[in-house]
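Notes follow once the structure below has been shown.
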Amino acid sequence: MAYDEEKTTEQLNDEADIAADYLEGLLDIVDYEGDIEMGIRNHRPTVQIVADDDEDIKNLIGRDGEVVDALQLLTRLAVQQKTGDRSRLILDVDGYLKKRRQHLRDIALDVIDEVRETGEPVNLKPMNSFERKVVHDLVREEGMKSRSHGEEPHRYVTIYLKAKPNPEDLDDEDIDEVDEVDEVDDVAVDAPDDRED
């Protein structure tokens, strides 16, 4: 991520322009009508394809977003070929990512509730890096922990409770002080491990 933050707004806009040209060429090949919208979000170039024909849109998204994921990868490669730099461009088709993000949040919140009730870690099904990041961010917001495991394309997230100090090992005077220190240590030390993507 630090690498992307070194890119200027002009470089990010150039990446979005290259991506838009590439995608327009692909839409022409498959004879789909669609508008291309470009921008920058979270210091990453973004491109969205919006089509009038619902059937075209379904074909560009694919089952579980497989086609849009493939299009994003191809578009990033096209940008890299032109610029010589790796791109972290985000491609969306007709708001699919927003809908997917909300669906993932709903699933993750259900699992977070389950983990809170049982105290036991829960593994989610394999997800791509975008999906895992959505889950990791939400888990951190909810004050819990998560970790990615496995190899692509079978990489998955485990959600679990943060470790708590054993109160029997502490003097009554030290409990509040240690809780505060542990809270800071969890954020400072464990945050990079929470997102291994």
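Here the structure is a predicted model, which means the values were calculated and not measured.
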Suppose we screen for side chain to side chain contact (heavy atoms under 4.5 Å, CB included). Which residues come up paired with [X], at least two apart in sequence or across chains?
| X | answer |
| --- | --- |
| Ala20 | Ile36, Met38 |
| Asn13 | Thr9, Ile40 |
| Glu120 | Thr118 |
| Gln81 | none |

Side chain to side chain donor-acceptor pair (under 3.5 Å) involving [X] - partner list, sequence neighbours excluded:
| X | value |
| --- | --- |
| Glu114 | none |
| Asn123 | Thr158 |
| Thr46 | none |
| Asp69 | Asn128 |

ask   = Can you check whether Ile90 reaches Arg41 side chain to side chain, under 4.5 Å on heavy atoms?
value = no

Acceptor/donor pairs from residues 100-111 side chains to any protein atom, 3.5 angstrom cut, sequence neighbours excluded:
residue: Arg100; atom: NE; partner: Glu131; partner atom: OE2; Å: 2.7
residue: Arg100; atom: NH2; partner: Glu131; partner atom: OE2; Å: 2.9
residue: Gln102; atom: NE2; partner: Asp106; partner atom: OD1; Å: 2.9

Under 3.5 Å, sequence neighbours excluded: what are the donor-acceptor pairs made by side chains of residues 59-67?
residue: Asn59; atom: ND2; partner: Tyr32; partner atom: OH; Å: 2.9
residue: Asn59; atom: ND2; partner: Glu55; partner atom: O; Å: 3.3

query = With sequence neighbours left out, what residues match Phe130 under ring pair (Phe, Tyr, Trp, His ring centres under 6.0 Å)?
reply = none

ask   = With hydrophobic residues grouped by side-chain heavy-atom distances under 4.5 Å, do Tyr96 and Val30 end up in a single group?
value = yes

note = For Ile18, the other hydrophobic cluster members (4.5 Å side-chain criterion, sorted by chain and number) are Val79

key: Name of the residue among Gln72, Glu15, Arg76, Gln80 meeting side chain to side chain donor-acceptor pair (under 3.5 Å) with Ser87   = Glu15

